[in-house]
Amino acid sequence: MPRSYPLERIRNIAIIAHIDAGKTTVTERMLYDTGLTYKIGQVDEGTAVMDWMEQERERGITITSAAITCYWQEHRINIIDTPGHVDFTAEVERCLRVLDGGVVVFDGVAGVEAQSETVWRQADRYRVPRICFVNKMERMGADFYRTVSMIKGRLHAQPLPVQIPLGSSESFTGVIDLIENKAWTYKDDRDALPEEIAIPESEQAKCSKFRQAMIEKLAELDDHILMAYLEGESISADDLREAVRRATLANAVVPVLCGSALRNMGVRLLLDAILDFLPSPLDMPPIRAIDARAGGEVTRPARDEAPFSALAFKVVTDPFVGRLVYFRVYSGRVKAGAQVFNSTRGKTERIGRLLLMHANRREEMDAADTGAIVATLGLKSTFTGDTLCEATQPVLLESIRFPEPVLSIAIEPKTRADQDKMGEALRKLTEEDPTFKVNYDEETGQTVVAGMGELHLEIIVNRMLVEFGVDAKVGRPKVAYKETITVPARSEGRFVRQTGGHGQYGHVVIEMEPMERGSGSAFVNNIRAGTIPKQYISPVEAGIKEAMGTGVLAGYPMVDVRITLMDGSYHEVDSSELAFRIAGSMALKNGVKKARPVLLEPVMKLEVVTPKEFLGDIIGDVSARRGHIELIETHGETCVIQAIVPLVETFGYTTSLRSETQGRATHSLEFHNYQELPDGPADKTTDKAGIARYA
């Protein structure tokens with residue numbers, strides 16, 4: 001069966017940005033301009049196609065990434081609209097992992113904001129080529145050139161304006177295309193096509209300056225443009241477009257466009273730029289994988305004839321059709337009803353129906369080709385990050401890494417009838433969201449759920465009530481502290497029990513040392529000459545990890561510690577796996593007491609945008625919250641404050657900021673790192689846990 005669209009005419013892209021920069025509005029205009037919708041959806045009115053969840057329409061924000069397919073100039077564009085709020089950063093992470101390109105939307109007034117930096121770093125991690133769209137150019141205070149400067153300064157990128165605005169704020173009427181050397185103006189009628197005009201005389205000097213800068217930048221990166229430039233030849237628009245494309249695919253530059261999605265200005269040109277500058281699956285290097293049988297690295301070229309390989313990146317519980325698994329096909333093709341192999345789990349699965357998703361609407365397909373992003377029913381054992389492939393040629397693709405939760409709450413059902421429903425709801429929610437964790441605290445008998453922030457957990461609880469009909473009591477949020485050590489230590493654990501018959505004997509000697517912050521933990525087996533038999537090494541490691549899970553200082557998990565098993569002894573009759581597991585746990589606890597343990601707390605990056613008159617009050621409040629001011633920028637009558645603040649001190653900050661600034665300031669928070677908790681707060685934390693601190 002022939003492909004409906006050749007690979008070179010497919011674009012898989014994500015729309016990413018800071019919250020409220022206009023991602024969903026940009027996407028809605030794209031759907032309208034491509035003819036997929038016949039009425040422009042409005043975020044504020046709750047009619048946006050991409051924000052289909054009830055919670056999204058109530059709050060006017062994107063919570064879950066939504067996939068949709070549209071068609072433009074005989075190309076197929078698979079778009080994923082991602083959330084901008086920091087609590088849902090995992091949605092951006094998994095989408096960037098499977099997409100080929102990105103459109104980064106910036107608020108023309110605010111420029112580069114806190115979450116803009118986060119999504120940019122995520123795109124850098126996966127080397128995703130991207131273009132920038134400076135939105136909201138019609139608003140008072142919008143400044144295209146300042147935003148371009150911030151992209152260079154804050155994001156350490158190489159912005160390349162390929163458009164500049166025609167006017168600004170209330171006088172914004174269109175854009176100047178530097179590649180074509182043309183201007184386009186827009187009427188108040190959103191359905192009217194842009195009108196091509198000659199570049200106004202007042203703008204010609206500025207246009208010439210920026211066009212020359214663009215050509216010089218491309219000459220540095222592209223030999224073809226360099227030769228034409230040095231020889232004084234005229235450079236055609238097609239040559240410039242091809243050079244920009246090559247530089248973008250190499251991540252050497254980031255083309256910058258501008259417009260107003262709300263007024264539908266510049267969106268058609270943005271669609272053209274997606275086709276012109278962002279990669280098709282053929283432009284991306286062959287996907288690398290690990291041979292699941294022989295080991296070693298293999299590649300899978302983007303061809304329908306290659307062996308099938310795909311990555312599952314999202315699991316959704318659909319109320320109408322059941323469990324949906326979204327996956328991206330990197331090579332080969334798969335038909336509905338086919339048997340595939342989940343190499344991550346080592347299980348064979350059957351593909352049920354194949355669905356091309358349009359937000360929450362579905363279009364059934366017979367097969368999925370290379371480059372397709374589809375959903376399927378019937379995969380019972382497949383989860384986020386799993387590889388699907390042919391059973392005869394199994395491979396493992398790189399999985400997706402997610403941040404650890406930083407906030408937890410206790411939750412319990414109100415009635416016996418809610419008990420079973422709550423268990424099922426939590427199971428489905430953890431399948432959907434890898435950053436949502438559920439644990440049962442045996443000491444208190446409570447179910448503890450953990451997430452990325454207050455909003456994240458609030459949405460989860462709301463979904464339990466609305467979607468799953470579970471009525472639950474919710475405790476106050478608790479910060480996810482960690483424990484670590486600050487100096488090396490050596491210790492031993494000896495477990496000896498003698499009763500009638502066989503006794504128990506396990507003896508281990510370990511060395512522990514602190515690792516770099518954020519590097520995780522490691523276990524190293526350094527046993528020589530068989531002082532501990534091989535079959536007891538794994539139980540020792542298991543015992544150590546179990547003890548690290550509850551820590552020693554205040555019962556929090558231990559991180560950033562390297563444990564080396566150095567020595568030990570065993571008894572031919574009395575030794576057992578259980579004895580060595582307990583001995584490993586004892587050695588860890590004994591060693592931590594000598595290694596100066598400390599508590600670590602999650603620290604957030606805070607950005608506040610405020611009128612100048614409230615600057616002093618905000619700085620005072622941040623300092624009172626143990627915050628550290630890193631940067632203060634002034635833009636006219638507006639100030640931007642960047643600070644580092646402990647998570648525990650940010651509870652209730654939204655209300656405090658509103659009252660201090662008469663509701664005129666805005667703020668955003670994102671996770672920064674874990675830092676050592678100072679003695680005063682640490683004493684309070686350990687006192688609450690009822691555990692003495694070790695010197």
Side-chain angles (χ1 to χ4, degrees), residues 17-20 61 63 83-93 110 112-122 154-155 402-409 435-437 449-460 476-484 517-518 556-557 559-560 598-610 617-633 639-658 660-661 665-678 680-682 684-685:
H18 182 90
I19 189 169
D20 205 30
I61 62 170
I63 293 169
H85 197 283
V86 64
D87 283 14
F88 309 105
T89 187
E91 290 287 329
V92 184
E93 188 81 24
V112 176
E113 299 172 87
Q115 190 65 6
S116 309
E117 297 182 51
T118 303
V119 297
W120 195 273
R121 286 196 302 270
Q122 289 172 308
R154 278 208 195 177
L155 304 179
F402 295 104
E404 285 295 310
V406 295
L407 207 64
S408 63
I409 55 173
T435 59
F436 176 61
K437 307 286 187 187
V449 297
M452 298 305 297
E454 289 180 275
L455 180 62
H456 187 200
L457 293 175
E458 186 184 327
I459 296 290
I460 292 284
R476 294 184 64 184
K478 278 180 63 179
V479 174
Y481 292 101
K482 306 280 189 190
E483 297 182 20
T484 192
R517 193 77 74 237
Y556 295 108
V559 294
D560 306 334
V598 293
L599 281 177
L600 301 174
E601 64 176 341
V603 173
M604 309 299 284
K605 187 173 182 180
L606 169 69
E607 182 169 289
V608 182
V609 181
T610 177
D617 291 338
I618 292 172
I619 291 174
D621 187 25
V622 169
S623 300
R625 294 172 184 269
R626 295 195 286 126
H628 170 67
I629 305 292
E630 290 203 316
L631 179 70
I632 299 174
E633 291 180 342
C639 291
V640 178
I641 306 163
Q642 288 186 7
I644 302 296
V645 185
L647 173 62
V648 71
E649 303 289 352
T650 64
F651 294 163
Y653 186 66
T654 303
T655 306
S656 172
L657 185 66
R658 282 175 183 161
E660 282 176 354
T661 64
T666 60
H667 80 290
S668 61
L669 284 164
E670 63 171 297
F671 176 72
H672 184 58
N673 62 7
Y674 270 89
Q675 292 182 8
E676 188 174 329
L677 187 61
K684 291 179 186 176
T685 305

If you round to the nearest 0.5 Å, how far is NE2 of H672 from CG of L606?
12.0 Å
Atom of L457, atom of A450 and distance for their closest heavy-atom approach
CD2-C, 3.9 Å
Spacing of E660 atom CD and D617 atom CG [to the nearest 0.5 Å]:
6.0 Å
Any chance you could measure R154, atom CZ, to E113, atom CD, to the nearest 0.5 Å?
8.5 Å
Check against side-chain contact (heavy atoms from CB on, under 4.5 Å), I632 and I619
CA-CA 10 Å; I632 299 174; I619 291 174; 3.6 Å; yes
Closest non-hydrogen atoms of D621 and S656, given as atom of the first, atom of the second and distance, are OD2-OG, 3.2 Å
Indicate yes or no for a side-chain donor-acceptor contact from E483 to the backbone of Y556 under 3.5 Å, with no hydrogens or angles considered.
yes
Without swapping roles, check the side chain of T484 against the backbone of V559 for a donor-acceptor pair under 3.5 Å.
yes
Give, for atom OG1 of T435 and atom CD1 of I460, the distance between the pair rounded to the nearest 0.5 Å.
7.5 Å
Taking all heavy atoms of A665 and all of V608, pick out the closest pair and write down the distance.
CB-CG1, 4.4 Å
Nearest-0.5 Å distance, NZ of residue K482 to CG of residue D560:
9.5 Å
Non-hydrogen side-chain atoms of R517 and N673 separated by less than 4.5 Å:
no
Apply side-chain contact (heavy atoms from CB on, under 4.5 Å) to residues V622 and I641 and explain how you reach the verdict.
CA-CA 10 Å; V622 169; I641 306 163; 5.6 Å; no
Pair Y653, R625 - check side-chain contact (heavy atoms from CB on, under 4.5 Å), show working.
CA-CA 10 Å; Y653 186 66; R625 294 172 184 269; 3.4 Å; yes
Per side chain to side chain contact (heavy atoms under 4.5 Å, CB included), V603 is matched among R626, E676, Q675, E649 by Q675
Verdict with reasoning, T650 to L647, per side-chain contact (heavy atoms from CB on, under 4.5 Å):
CA-CA 5 Å; T650 64; L647 173 62; 3.6 Å; yes
Minimum heavy-atom distance between P602 and A480, given as atom pair plus value
CD-O, 3.7 Å
Close side-chain approach of Y481 and V648, heavy atoms under 4.5 Å
yes
